Amino acid sequence: MATDYQLNSTPNLGMLGIAPQDSYRENGAIKKTDETQLTFEELQSIERHRREILLRAELPFWRILLFWSGTCLKEIATDLLVWLTMAVYVAIRVYANSIDEVPESVALIEKTNINVLGGFLSFFLVLFVNQTNARFLDMYGFSKSCSGRIQDIAGLARTQLPADIADRLVRHLNAAHIAGYVGLNAIGQGSPYSKAHFFDAYNEKHGLLPWEEMKMIEHHDMEHSGLCLKELCTCCQDDVSEARRAGHIDSYQEKYMHECILAFRASMDGMYDYTDQPPHFFYIHFLVLLSALYLPLFAIDTGCSAGWGNETFLGLDVLNGLIVFLQCIFVVGLRSLGAKMIDPYGDDLEDLSVIMYVESTLEVCNTILNYKRPKYSVQAAPRVYTMPSVDEASLGNALRAVVKDPEAQRTEAAGSTSGSTVVSDDSNVNSAKW
């Protein structure tokens, strides 16, 4: 039997960052089988659709309204709360048109003020969307920063290191980049990017890691931890230090390369941190609870205020029903929009374009490493700049046009002062001559 000390000293698995085993998760990650994992072709299809949706933002409004995928319509059409709210309104209006008298409860309902609750709910929903949008943009910045630091290393390696060392360093960093996205399966809601259908596809196509290096990192279980990313980053740092010891770069160049690698790792860590800590469930539950209470109450208030018995009018019923539906779009749409942006590394069409980031980075690195310096001629003749030839007579005429003769100057001065005598000595005249 375990003693009290043994029971109290048992470490909390949650505090150690280890998720307990259950039927839903395995080693902290959502369980996925080969049947549920998306293939590389399916991931590419989703990516193409994502890029198409991004181009719709600048279309005319009438064309935007014609789309179904990537819009709020799909979420609203499948949300049970929307149809429950509309059913409450329709039921009240059918009953109101079937009787002649006004029930006493209608007068009591008219004294309530549902708009106050709607104002508070609107504030919290907009605040929730702003928070998740800022989180989404931060994670987008982390992804682009990872690509930028890899390109920095590729440029430095191409110009400062031998070709074989530069190629190895860039391969290891690109492998760490892809392994980092696969490692997101270990936290949060998981990731659709698996080792078999994502990392292995790029590794086979670009030859990032040979068989020997794959054996060295396979014990980390890439899909269930981010340790593979950490080891590959350390491998890149070791490549840089080895190049400095071999005399290919100095300590200053080594320091700058290390800073780029550590900045890359810090950006990947930022992605992991945001994914591991989504918005508080307490806040999300609070919004869902308010929505579930407010929309039916709004339907009841609107349905009871649209007239009873002989005061009913079909056109007014339709108009109020449209108002109730618009309120459902506002509440459910904002809540769904915020929820969509919580995890930008999933398989939704609104998520980030991870495949585009990876492939564009690989393409840029390949372009940088394959750069060939053009051959310049060592004995190139210097370019001589010559002044155009000027005729001496033309130059004299130009000078005389600018500087007048002293005799002409005295004649003009005498003419301007009538009745006065101009007296000048020979010394002044001689000094004014060329």
Side-chain angles (χ1 to χ4, degrees), residues 53 56-130 132-133 283-341 348-350:
I53 291 177
R56 299 176 183 174
E58 299 182 1
L59 293 176
F61 80 96
W62 61 270
R63 291 190 59 187
I64 293 177
L65 293 176
L66 298 178
F67 288 105
W68 172 263
S69 62
T71 66
C72 65
L73 297 178
K74 184 177 180 180
E75 296 295 325
I76 294 173
T78 57
D79 194 283
L80 181 61
L81 181 60
V82 174
W83 299 112
L84 176 63
T85 303
M86 296 304 300
V88 170
Y89 173 79
V90 171
I92 293 176
R93 295 315 303 158
V94 170
Y95 179 67
N97 283 270
S98 63
I99 61 176
D100 296 331
E101 69 279 358
V102 180
E104 297 180 358
S105 58
V106 174
L108 298 176
I109 293 176
E110 291 178 352
K111 297 180 181 180
T112 60
N113 193 355
I114 304 298
N115 295 328
V116 176
L117 179 59
F120 280 108
L121 179 59
S122 301
F123 170 77
F124 287 117
L125 284 173
V126 173
L127 181 63
F128 174 61
V129 171
N130 286 335
T132 54
N133 182 62
Y283 188 26
I284 297 176
H285 179 270
F286 172 70
L287 293 177
V288 173
L289 180 61
L290 282 181
S291 303
L293 294 177
Y294 168 72
L295 287 179
L297 288 177
F298 181 79
I300 293 173
D301 181 70
T302 306
C304 292
S305 61
W308 292 80
N310 297 328
E311 298 178 354
T312 60
F313 179 64
L314 181 60
L316 183 61
D317 292 342
V318 174
L319 180 61
N320 284 328
L322 181 60
I323 294 176
V324 173
F325 183 68
L326 289 177
Q327 191 75 349
C328 293
I329 292 178
F330 176 77
V331 174
V332 177
L334 282 180
R335 177 168 55 82
S336 301
L337 175 61
K340 285 285 186 180
M341 293 187 291
D348 294 329
L349 296 177
E350 299 80 15

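Worth saying up front: this structure is predicted, and the values here are computed from it rather than measured.
In Leu80, the CG atom is not crowded: 12 or fewer heavy atoms of neighbouring residues, nucleotides or ligands sit closer than 6.0 Å. Atom CZ of Phe313 has 12 or fewer neighbouring heavy atoms from other residues, nucleotides or ligands inside a 6.0 Å radius.
Considering only heavy atoms from C-beta on, Val82 comes within 4.5 Å of Phe325 through its side chain. With contacts defined as side-chain heavy-atom distances shorter than 4.5 Å, the pair Leu326/Phe330 does not qualify. Looking at Thr312 and Arg93, their side chains come closer than 4.5 Å, going by heavy atoms from C-beta outward. In this structure the side chain of Phe128 reaches within 4.5 angstrom of the side chain of Ile284, judged on heavy atoms. Proximity of Leu117 to Leu290: side-chain heavy atoms (C-beta onward) are separated by under 4.5 Å at one or more points. The shortest distance between side-chain heavy atoms of Leu125 and Val129 does not fall below 4.5 Å.
Side-chain atoms of Thr71 come within 3.5 Å of backbone atoms of Trp68 as a donor-acceptor pair (strictly under, hydrogens ignored). Counting only distance, with no hydrogens or angles, the side chain of Tyr89 and the backbone of Asp317 share a donor-acceptor pair below 3.5 Å. Under a 3.5 Å cut-off, the side chain of Thr302 and the backbone N or O of Ala299 do not form any donor-acceptor pair.
The aromatic rings of Phe124 and Phe120 sit parallel to each other, their planes meeting at less than 30°, with 60° as the upper class boundary.
Residue Phe298 comes nearest to Gln327 through the heavy atom pair CE2-CB, 3.7 Å, listed as atom of the first residue, atom of the second, then distance. Residues Gly307 and Ala96 share a closest heavy-atom pair of O-CB, 3.7 Å. Summarising the geometry of Leu59 relative to Arg63, their closest heavy-atom pair is CD2-NH1, 3.7 Å, with the distance given to 0.1 Å. Taking every heavy atom of both residues into account, Ile76 and Trp83 meet most closely at O-NE1, 4.1 Å. Of all heavy-atom pairs between Leu349 and Ser69, the closest is CD1-CB, 4.2 Å.
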Task: Worked check of side chain to side chain contact (heavy atoms under 4.5 Å, CB included) between Ser291 and Leu121 - done: CA-CA 7 Å; Ser291 303; Leu121 179 59; 4.1 Å; yes
- [ ] Verify side chain to side chain contact (heavy atoms under 4.5 Å, CB included) between Leu297 and Asp301, making sure each step is shown before the conclusion.
- [x] CA-CA 6 Å; Leu297 288 177; Asp301 181 70; over 6 Å; no
Open item on the list: Using side chain to side chain contact (heavy atoms under 4.5 Å, CB included), reason through Asn320 and Leu316 one step at a time and then give a plain yes or no.
Closed with: CA-CA 6 Å; Asn320 284 328; Leu316 183 61; 3.7 Å; yes
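The distance from atom CD of Glu75 to atom CD1 of Ile329, rounded to the nearest 0.5 Å, is 13.0 Å. With values rounded to the nearest 0.5 angstrom, Lys340 atom NZ is found 15.5 Å from Asn133 atom CG. How far CG of Leu127 is from OG1 of Thr132: 9.5 Å, rounded to the nearest 0.5 Å.
Residues satisfying the side-chain contact (heavy atoms from CB on, under 4.5 Å) criterion with Pro103, sequence neighbours excluded, are Tyr95, Ile99, Ser105, Val106, Trp308.
Screening Leu295, Ile323, Asp79 against Cys328 for a side-chain contact (heavy atoms from CB on, under 4.5 Å) leaves a single residue, Leu295.
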